[in-house]
Each structure stands twice: as C-alpha cells, then as structure tokens.
Asks: 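Following this message is one structure expressed as structure tokens.
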Amino acid sequence: MPAPTDPAADNAAALVIEETFTKVSVGGIEASDSPPGLLRSRVVDAWRRRHGGGSPRPILALVGGYAGSGKTEFSRFLSDITGWAFLDKDSLTRCIVERLLVSLGGDPNDRHTDLYLKEVRPFEYRCLMETAWDNCETCGVSPGA
C-alpha cells in the first residue's frame, strides 16, 4: 500500500480524480446522490483511504458496455485508484466458454448465435457473479452497500 504523502497534494489528487469522473460522464455528474455521483464519491473516498493509510472499503462495481467500449481499461483504472479487486469475465470464463461451445458443436469464438446467447452466456455470467458474491462475502461487503 502506498505510504501517506503530503495531505495538500493528496487532496489535490483527489480533486483531479473527482473532476475527471465528472468530465468523462455523459452529460456530467449533476447530483451527488445520483448513481454516477455516488460512484465518484466512493472512488475518491477509497483513493483517500488507500493513500492515507486506511482501508479502501471495497464495493462491487459492475462495468458493462459494448465490445471495445473500454470496460476493461476503465475497470483497471478503478482498481488502480481504489485498490478494489478487478474480476474480468473473459479471464474467468473464456477457456470454459470456448470448450463448452465446441462440445455443443459451435464455434469457440461465437458470441452472437442462439447457441451462445441461450445456452452458454447465462452460465458464463452466473460464474462471474458467483465469483463476485463470494469475494464480497469474504471482504464483508453486502450487495446493498
């Protein structure tokens, strides 16, 4: 864990993180009690705790989007700032998904046919979510936190 530094510099960095979240949000973040506002507050709080010697109080943040939209990059960014764990669906499930598709007579790279969408994807996401819930339970994080 990084050692605490100058409080003024730490506060300046936290303000930059806060401002960046507002700038990259579609339409900006207007209300601090909106979902994007709450995430921004939790990220800044985790960064301050991490760099101030405290616990980053992990939460479950699900990042979704279209292929190539930057989900993995954004998730790594969150993990780097906050110290929160990063679980990547593809890393956790790719080899089993590919093998399952082949065993069902499909293409291992298929992510568009009914075979994948109806028979494989539900289990892929179930594995991801069960892994996330197990980790949340271990860290003492409730799903409603």
Asks: Do V43 and V16 land in one hydrophobic cluster if side-chain heavy atoms of ILVMFWY residues count as linked below 4.5 Å?
Replies: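 Not linked; separate clusters.
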Asks: For the OG1 atom of T82 and the CZ atom of R42, what is their distance to the nearest 0.5 Å?
Replies: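 One gets 12.0 Å once the value is rounded to the nearest 0.5 Å.
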Asks: Run the side-chain contact (heavy atoms from CB on, under 4.5 Å) check on T72 and K89 step by step: do they pass?
Replies: CA-CA 10 Å; T72 299; K89 175 185 70 73; over 6 Å; no
Asks: Might you work through the side-chain contact (heavy atoms from CB on, under 4.5 Å) test for M129 and L62, ending with a clear yes or no?
Replies: CA-CA 10 Å; M129 292 310 301; L62 301 175; 4.1 Å; yes
Asks: Do S79 side-chain atoms and S75 backbone N/O form a donor-acceptor pair below 3.5 Å?
Replies: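 Not confirmed, S79 side chain does not pair with S75 backbone.
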Asks: Which atom pair, heavy atoms only, marks the closest approach of L115 to G106?
Replies: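 Minimum heavy-atom contact is CD2-CA, 3.7 Å.
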Asks: Would you indicate whether the side-chain heavy atoms of R40 and I17 approach each other to under 4.5 Å?
Replies: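 Heavy-atom side-chain distance check fails, nothing below 4.5 Å.
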Asks: Between D45 and R49, does at least one N-O distance fall below 4.0 Å, as a salt bridge requires?
Replies: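 Salt bridge flag = yes for R49 with D45.
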Asks: Indicate, with yes or no, if I81 and L78 share a hydrophobic cluster defined by side-chain heavy-atom contacts under 4.5 Å among Ile, Leu, Val, Met, Phe, Trp and Tyr.
Replies: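 L78 clusters together with I81.
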Asks: Under a single-linkage definition using a 4.5 Å side-chain heavy-atom cutoff for Ile, Leu, Val, Met, Phe, Trp and Tyr, are V63 and L39 assigned to the same hydrophobic cluster?
Replies: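 Same cluster: V63 reaches L39 through Ile, Leu, Val, Met, Phe, Trp or Tyr contacts under 4.5 Å.
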Asks: Can you give me the closest heavy-atom contact between P108 and L101, atom names plus distance?
Replies: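 Minimum heavy-atom separation between P108 and L101: O-CD1, 3.6 Å.
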Asks: Taking the side chain as everything from C-beta on, heavy atoms only, tell me whether R121 gets closer than 4.5 Å to Y125.
Replies: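 Touching, per the 4.5 Å side-chain cut-off.
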Asks: Hey, mind stepping through N109 and E98 against side-chain contact (heavy atoms from CB on, under 4.5 Å) and telling me if it holds?
Replies: CA-CA 7 Å; N109 299 308; E98 290 174 357; 4.2 Å; yes
Asks: Supply the atom-to-atom distance W133 CH2 to T138 OG1, rounded to the nearest 0.5 angstrom.
Replies: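 It is 13.5 Å, given to the nearest 0.5 Å.
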Asks: Which residues pass the side chain to side chain contact (heavy atoms under 4.5 Å, CB included) test with L100, not counting sequence neighbours?
Replies: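 Applying side chain to side chain contact (heavy atoms under 4.5 Å, CB included) to L100 gives S103, L104, V120.
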Asks: Quick one: do Y116 and D107 satisfy side-chain contact (heavy atoms from CB on, under 4.5 Å)? Show the steps, please.
Replies: CA-CA 9 Å; Y116 171 73; D107 179 330; over 6 Å; no
Asks: Looking at side-chain heavy atoms only, is the closest gap between V97 and R111 below 4.5 Å?
Replies: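 Counting from C-beta outward, V97 and R111 do come under 4.5 Å.
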Asks: Could you state whether I96 and V102 fall into the same hydrophobic cluster, counting links through intermediate Ile, Leu, Val, Met, Phe, Trp or Tyr residues with side-chain heavy atoms under 4.5 angstrom apart?
Replies: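 In one cluster with I96: V102, no.
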Asks: Can you see which heavy atom on L87 is nearest to which on A132, and at what distance?
Replies: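 Closest approach of L87 to A132, heavy atoms only: CD1-CA, 3.7 Å.
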Asks: Would one find more than 12 heavy atoms of other residues, nucleotides or ligands at under 6.0 Å from atom CG of L117?
Replies: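 More than 12 within 6.0 Å, yes.
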